[in-house]
Amino acid sequence: MSVSPDQQLPSVSREWHLVRRPDGWPVPEDFALREVPVEAPAEGRVLVRNRYFSVDPYMRGRMNDVKSYVPPFQLDRPMEGGAVGEVVASNAEGFAVGDHVLHFAGWREYASVPAQHATKVDPDAAPLSAYLGVLGMTGLTAYAGLLEVASFKEGDAVFVSGAAGAVGGQVGQIAKLKGASRVIGSAGSDEKVKLLTEEYGFDAAFNYKDDKPVAEQLKDAAPDGIDVYFDNVGGEHLEAAISRLNVHGRVTICGMIAGYNDKEPTPAPRNLALVIGKRLRLQGMLVQDHNALQPEFVREVGGWIRSGELKYRETVVEGVEKGVDAFLGMLRGENTGKMIVSLG
């Protein structure tokens, strides 16, 4: 086993546990930051000092004790999520102290990770935090959701909800780079709307929190209708998009954050019958179904990032103790781009 020569392994690590299931909106009392002992990695494992971990909307669903596409978080156990860090001890062939790896044992300072679940990343090719966002799961979600699930083609008009978030901002920019005729985004503040049009290159954007209904704002922004809707929000946005979609329009349903904390089921769009006459296609997506696109995604998006054609933002919160604050802030829409917790 190899251990970092300039660093003695710590005796304890701090990690976030879910201690009770949230009832509606999560509150800080649903979580606990606990100290746990750190042990040298067993055979086939590496010990990683996490540098960054991700907080994402889908994690809210894992806090409920319901059967879903991913198992729920266990009570009084560390929560999970994307993380990137440095190997400080290795008991696995192919991994050395000092390697940087991407893995799924986030929400903690130190993680013992099976080697087969760790992926090496190059900190010289991109900032480490980028592997959790623009070059990570959220980036692949945007790429696959637009190009594969929505069958985007040059000349399409595209509407993206939650467009200032990590996925949405990338969807709109990829659409522009691939020849969209018009790209429209919705966001939750005037500052974010300005970001979309002035930095990300959206043709139009609107603040869904304004007094004017989303349907009216979308009609004004897309007088000739839309061909693709990338849904991160659900609710009123999905209903508005169905009204504006042209015949044979396609919808990628990636997230429905508007209803994640509702205690009662969210009602379906009232205009769902339009799906028939317009021959619309509404398809849900999970990013893990599209892992085959990973090499193409990294090559193309990495090139756009290096050339400056694709821009991205991160909202970074410092300190493991701020993990829950970052998560709750993300649910409230306080982030621009990817919400990330930095552990220094």
Hey, is [atom1] on [X] packed in by over 12 heavy atoms from elsewhere, all under 6.0 Å?
X    : atom1 : value
E29  : CD    : yes
Q74  : CD    : no
N271 : CG    : yes
R270 : CZ    : no
E93  : CD    : no
K219 : NZ    : no

Worksheet item: Is any side-chain N of the basic residue among E15 and R34 closer than 4.0 Å to the acidic one's carboxylate O?
Response: no
Worksheet entry | Cationic N near anionic O, under 4.0 Å, R313 to E199 | yes
Expected output: side-chain [X] to main-chain [Y] donor-acceptor under 3.5 Å:
X    : Y    : value
Y131 : D122 : yes
S161 : N232 : yes
D156 : A180 : no
R250 : L282 : no
N64  : V66  : no
S181 : G155 : yes
D210 : K212 : no
R244 : I226 : no

Fill in: Among D99, L47, V48, side-chain contact (heavy atoms from CB on, under 4.5 Å) partner for V88
L47
List the atom pairs, donor and acceptor, that lie under 3.5 Å between side-chain atoms in residues 162-179 and the rest of the protein, sequence neighbours left out.
unit_1	atom_1	unit_2	atom_2	d
Q170	NE2	V134	O	3.0
Q173	OE1	K311	N	2.8
Q173	NE2	G169	O	3.3
Q173	NE2	K311	O	2.6
K176	NZ	D203	OD1	3.0
K176	NZ	D203	OD2	3.0
K178	NZ	E300	OE1	3.4
K178	NZ	E300	OE2	2.9

Worksheet item: What orientation do W107 and W16 show, parallel under 30°, tilted 30 to 60°, or perpendicular over 60°?
Response: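 Ring orientation, 0 to 90° scale: perpendicular.
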Item to complete: Starting from the C-alpha separation in whole Å, work towards a yes-or-no answer on side-chain contact (heavy atoms from CB on, under 4.5 Å) for R108 and E80.
Response: CA-CA 9 Å; R108 66 200 85 179; E80 300 170 335; 4.1 Å; yes
Find the distance between [atom1] ([X]) and [atom2] ([Y]) and round it off to the nearest 0.5 Å.
X    : Y    : atom1 : atom2 : value
I305 : L310 : CD1   : CG    : 6.0 Å
N291 : L140 : CG    : CG    : 6.5 Å
I253 : L238 : CD1   : CG    : 5.5 Å

Using the rule that two of Ile, Leu, Val, Met, Phe, Trp, Tyr join whenever any of their side-chain heavy atoms come within less than 4.5 Å, decide whether [X] and [Y] are in one cluster.
X    : Y    : value
W25  : M79  : yes
I257 : Y69  : yes
V233 : L286 : yes

Practice prompt. Evaluate the side-chain contact (heavy atoms from CB on, under 4.5 Å) criterion for residues V27 and R20: first the C-alpha distance (whole Å), next the side-chain angles of each, then the deciding distance (0.1 Å), finally the verdict.
Written response: CA-CA 10 Å; V27 294; R20 69 181 184 190; 3.5 Å; yes
Item to complete: Test E296 against Y143 for side-chain hydrogen bond (donor to acceptor under 3.5 Å, both in side chains), laying out the working first.
Response: CA-CA 10 Å; E296 175 188 328; Y143 189 85; 2.8 Å; yes
Do [X] and [Y] have side chains that approach each other closer than 4.5 Å (heavy atoms only, starting at C-beta)?
X    : Y    : answer
V320 : V341 : no
L146 : T252 : no
H290 : M285 : yes
R21  : P72  : yes
T138 : D56  : yes
M59  : M330 : no
F327 : M63  : yes
L343 : F53  : yes

Worksheet item: How far apart are the C-alpha atoms of D227 and H248, what are their side-chain angles, what is the distance that settles it, and do they pass the side-chain hydrogen bond (donor to acceptor under 3.5 Å, both in side chains) test?
Response: CA-CA 7 Å; D227 302 296; H248 297 301; over 6 Å; no
Worksheet entry | Evaluation steps, side-chain contact (heavy atoms from CB on, under 4.5 Å), between Y312 and K338 | CA-CA 8 Å; Y312 67 97; K338 188 78 184 72; over 6 Å; no
I need the minimum non-hydrogen distance between [X] and [Y], along with the two atoms involved.
X    : Y    : value
G106 : N50  : CA-ND2, 4.3 Å
G323 : V55  : O-CG1, 4.1 Å
A157 : G225 : CB-O, 3.8 Å
H103 : A118 : CB-CA, 4.5 Å
F230 : T141 : CZ-O, 4.0 Å
R51  : G344 : NE-O, 2.9 Å

Discussion item. Between D231 and M256, is the side-chain contact (heavy atoms from CB on, under 4.5 Å) condition met? List the steps.
Written reply: CA-CA 7 Å; D231 191 12; M256 292 187 168; 4.3 Å; yes
Practice prompt. Apply side-chain hydrogen bond (donor to acceptor under 3.5 Å, both in side chains) to the pair S151 and R281, showing each step before the final yes or no.
Written response: CA-CA 10 Å; S151 307; R281 191 180 85 212; 3.1 Å; yes
Discussion item. In this structure, is the centre-to-centre distance between the rings of H17 and F31 below 6.0 Å?
Written reply: no
Discussion item. Between S189 and E191, is the side-chain hydrogen bond (donor to acceptor under 3.5 Å, both in side chains) condition met? List the steps.
Written reply: CA-CA 5 Å; S189 72; E191 182 182 8; 5.0 Å; no
Worksheet item: Is it the case that H237 and S186 place a side-chain donor and acceptor less than 3.5 Å from each other?
Response: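 Per modelled atom types, H237 and S186 side chains form a pair under 3.5 Å.
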Worksheet item: For Y229, which residues count as a ring-ring contact (aromatic ring centres under 6.0 Å, His included) partner, sequence neighbours excluded?
Response: F159
Item to complete: Tell me, please, which residues at least two apart from A204 pass side chain to side chain contact (heavy atoms under 4.5 Å, CB included).
Response: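 By the side chain to side chain contact (heavy atoms under 4.5 Å, CB included) rule, A204 matches R182, I184, A221.
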Discussion item. Test salt bridge (Lys or Arg N to Asp or Glu O under 4.0 Å) on E86 and R49; report intermediate values, then the result.
Written reply: CA-CA 5 Å; E86 182 180 356; R49 176 182 177 265; 5.2 Å; no
